[in-house]
Structures are given as C-alpha cells and as structure tokens.
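Proteins get letters first, then strands, A, B, ... in listed order; numbering begins at 1 in each. All values reported here derive from a predicted model rather than from experimental measurement. Only heavy atoms go into these numbers, but all of them, side chains included; no hydrogens, no water, no symmetry mates.
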Number of protein chains: 2
Amino acid sequence: MDDWSIQEIAKLAGTTSRTLRHYDDIGLLAPSRIGGNGYRYYDDRALVRLQRIMLLRDLGLGLPVIAEVLDREASAQHALLGHLEWLRNEQERLARQIASVERTIGALEGGERLMADQMFDGFDHTQYKEEVEQRWGKDAYAKSDAWWRGLSADEKAAWRERATTLGTDWIAAFERGIDPAGDEAQALAQRHFEWLRGIPGTPGGGAGGPTKEYFLGLAEMYVADDRFGANYGGPAGAEFVRDAMTVYAERNL
Amino acid sequence: MDDWSIQEIAKLAGTTSRTLRHYDDIGLLAPSRIGGNGYRYYDDRALVRLQRIMLLRDLGLGLPVIAEVLDREASAQHALLGHLEWLRNEQERLARQIASVERTIGALEGGERLMADQMFDGFDHTQYKEEVEQRWGKDAYAKSDAWWRGLSADEKAAWRERATTLGTDWIAAFERGIDPAGDEAQALAQRHFEWLRGIPGTPGGGAGGPTKEYFLGLAEMYVADDRFGANYGGPAGAEFVRDAMTVYAERNL
DNA sequence: CTAGAGGTTGACGCTGCGTCAAGGTCAAGT
DNA sequence: ACTTGACCTTGACGCAGCGTCAACCTCTAG
C-alpha cells in the first residue's frame, strides 16, 4: 500500500496528527483510506492536498477559504487578493497601535505631566482656576481637579479628542446654518449633555447629568468668554451653541 | 446616589453592557453597588477605572495584563514595553505574510510556470530527464513529473527550501569534519531518507520510504555527477554524503 | 505475554466578548 | 389594575484552530 499513517504524513508535511484529525472533522482533508481498526491512512494525493493546505495556511488564509480554493469553488487569485487587503488593514492597525503605545510610554517616562491640559470644557486646567471657583465654588474645582489629575496623559488625550470632536461637530452644524431648535442641533446638545455627564466631580458629572443651572451657565459662558467660545468657532458659533443648549435645557431639564 | 446603570456607564465609556458584565465576571471591574434586584450600579471611581481599561485595551493589551497594571501589580511602563515587542513581532510577521502573498499572486498571474524548477533531488526538472529515465525507468519520471506539475510555484519553492536546508546542513557537517558513521551524520542521513520519502511517485516516495537500491544509487550519483554534487558542496562534500548514506543504508535498509 | 508506541473518539481551554434565550423589574400609559 | 416596552438578570453557545489531557483499543517487538 502506498500510503502513510497519520503521524507519518504529519511529519512529512510538518504538522501534527491532531491537526489532521481536525481537518478530517471539518471536512478539509479526509483520509484516503480508513482501516478496519479505524486508523486513518493517507496516500500521495492526500499529501499533495495537505501540502497545499499548509502553504495557504502559512499565507494566513482561513481554513474555510482554503477549502473553497482547493475545491475550485473560488479562485486562488481572488481569495489571495481579498486576503491581501485584510493583511494590509491589519498592518495599519498595528502601526497605529505601536505609535500609540510609544507615545504613551513616552508620556509616562516624561513624568506624567498633568498640567497644561484642558478641562472644564476646553479650559486649560489650572489657568482658569479662579473663574471656575468663582462660578461653581472651590469644591467643584477641587473635586474635578482630583479626578483629572488621576487620569493618565493618554486618558486626557482621549477626553480632549472627544471634546474636539464635539466642538468640530458644533462648528460644522453652525456653518451649515441649521436651526438651533431643530432635531440635528438638539441631538448635538444631547451629546453635549452626555459628555458633561461623563466628568465626575463637577456639577455636571453623575447619574443625573448636569443640572439646568450648570448647563445654562456653561452655555452663557461660551458666549461671554472668548477663551471658551474659541472651541466652538468663535463668538458667532458660541451663540449658536448657546441657543441650542438653552432650547435643550428648557425642553429636557 | 451618584451612580449609573450598566447601560448608562457603558455609553459614557463607549462600550456595551455585555462587556461590563464580562469584566465583572472576570473580576476586572466590579460594580460599585448592587441593587436589591440584582442590578449593577457604577460610581465615578468605577468610571475612571473603566476609562483606563478602555484606553489600555485600545492599545492592544490583554485584560489580565490590564488588571495587573490597574491593581499596581505591574508597572504600566513594563507592561507596555513588553507589549510593544509583541506588536513589532506581529508587524514583522504580517510584513512577511504580505510579501509571500504578493509573490504568490504574482506567480499565479504569471501563468504558473511549472518548468525550470528543481526536482529529483535538486535536479532541474526537465533538463535531466534522460538520466532519470535511464536510471529508474520512464515510469518513475512520468509519475514524479505529474506530481511535481501539480504543485504550485510556491509549493515548489517550499520543496526547494527544504532541499536547500538539507544541503547546507550536509555541507556544514562535512566542513566540521565529523565522522560519516557517527550519530550526527547518521541523523542527517535519516533526514535525507525522510525527505526522499516525501516525494510521491518516485522509487523513494511512499510509506516504506526509499528502497535500498534507490538510496544507494542516489548516493553514488551525488559523487559521480557534479550537477548533483554541487548541492552538497562539490565532489568532496558529495563523498561525505555518500559515505554517510551508505552506512545508513547498510544499517537500516 | 507484556510493555510501549501509536491509534481512536470525546471534550475542555484559550480571547473577548456578540448574540440569543428565558424570565424578573420598573416607569409610563390606558 | 393591567399592559406595554425598555432595561435588568443569569446561563450558555459560538467563533479559529488546534493543544492537551482522558480513557480506551491495537499493533509490534522482545
């Protein structure tokens, strides 16, 4: 008989018997013959198929796809081209992750600078301490400060990114000239509300979310103070944001 | 109560309630409070922890590692540096895979050239047809040829690589001047035997492996024909290989 | 006759949740 | 009071590809 036992063919192809049993289970590669004792035996045609399987597997293709290719249900080119996209996307993902990890490590080694960051809705955290304390009390500032300082540099970056995204969305909405009381602007106000809610220790943080006073107070401050307003496209944009927020507050808070 | 329901905190952190239950299950993030009805509730401290979890998770860290970092059992720097290695290795792996896939696609598009490849132990497949037929008959050549043509370009490359590796190992052994009858050289002869066995359709392919005649015939041919001998470091190397193979054949075949 | 190598069929484990399934709870509307 | 409907709970399977026991035959050599 010109065939091999399961371990023999496994060695020839550089794999394991367990793998071959698995391939049998899922129908990818059946033994060419099964002995009366239940033993699996493979011939040279099976070896060729197995070698193709190993090759495609090493290229990263999934077993179902390999089965399609080998059974002529799909062309190898097509499958490989699709797979190539996958691989490239994965590589980009990894590149981004590597960059993020490097930046994070750098930040940690840099002593985890906590200051010179933005908070309280885009404020530099320490620079505007007086305004915050004056408006919402020393306690509000202290609690928020403690929370903020507890975050790592990257976490802060994430928060800033959320703030930035929200800001640019506000600006885009303003520039399109939509109605501050319309659905779209109100949806933004809703997001603004949720965002504030995510800052523990402030009058806005907590399950209930910002109080009406805090929400309206912020809205007015965006207009009154250009340092805030800058985050929303300047005085005109800030007015738009304030209007939308005011409508939202009246309707929901 | 300054806390949130499971869905609320999930939205605040940009994840799902299922994930939070999972984190509870594995002990990564327990709810700060559990209602009499079994509901999970999370406070601001839990939110901060959750946000850190999401950040580290986005960097690609595993949940157990994240737990260690957050519980101060391991430093973030250390964990991230280790992770960075992981990521770089993965990226290299992907790069190699991408290159392989591209080469394979190119080969397929190139019409899958089957000739100008090596076989029958390093022979150019078609170039030495006569010798092969003369030594082992037309049938041997035809069967092996059919098998060989059935392989893809990459599969052939894999076979050549195995041949090359074996060849360089032989050469290295020869240059170190070891005993052809010693354990090391005999182990190489064993590998040579296994390798020949993996070529179906030849006098060497099949469960039993090469016959003694085929094995010895090849060994002599390595010495007699420089085209073979070149694969084993020239005439002197070929003699070493022949001696080792002869000993092996006498002992085991 | 027995040991040892090798074969068989289950079945769990791993990573990180997504996705039902079956069934309580709660606020709102009728 | 009753019914929705939204949200909560605890299981438990599924995925990709095998590694790794476990418990139990089978074959070969001494």
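A donor-acceptor distance shorter than 3.5 angstrom exists from the side chain of N252(A) to the backbone of Y248(A), with no hydrogens or angles considered.
The residues R33(B) and D3(B) are annotated as salt-bridged, a charged nitrogen and a carboxylate oxygen being separated by less than 4.0 angstrom. Note on R49(A) versus D71(A): salt bridge recorded, some NZ/NE/NH1/NH2 to OD/OE distance being below 4.0 Å. Ionic pairing of R93(A) and E90(B) is not present here: no N-O contact between side-chain nitrogen and carboxylate oxygen is shorter than 4.0 angstrom.
The CD-C1' distance, from E8(A) to dC27(D), rounds to 13 Å in whole Å. Taking atom CD1 of I9(A) as the reference point, atom P of dG6(C) lies 17 Å away to the nearest angstrom. Per the geometry, CZ belonging to R40(B) stands 13 Å off C1' belonging to dC7(D), to the nearest Å.
In this structure, the helix from dC1(C)-dG30(D) to dT30(C)-dA1(D) shows an angle of 40° between the axis at its start and the axis at its end, each fitted on 5 base pairs and rounded to 10°.
Proximity of R21(A) to the phosphate of dT8(C): a side-chain N or O atom is located under 4.0 Å from OP1 or OP2. The shortest distance between the side-chain N/O atoms of S5(B) and the OP1/OP2 oxygens of dC8(D) is below 4.0 Å. Side-chain nitrogen and oxygen atoms of N37(B) include at least one within less than 4.0 Å of the OP1 or OP2 phosphate oxygen of dC26(C).
To the nearest 0.5 Å, atoms CG (L70(A)) and CG (L29(A)) are separated by 9.5 Å. Between atom CD1 of residue I9(B) and atom OG1 of residue T15(B) there is a gap of 10.0 Å, rounded to the nearest 0.5 Å.
Aromatic ring pairs are classed by plane angle as parallel below 30°, tilted from 30° to 60° and perpendicular above 60°; the pair F193(A) and F215(A) is perpendicular.
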Starting at the 5' end of nucleotides 13-22 of chain D, put B wherever the base has a protein heavy atom under 4.0 Å, S where only the sugar-phosphate does, and a dash everywhere else.
----BBBB--
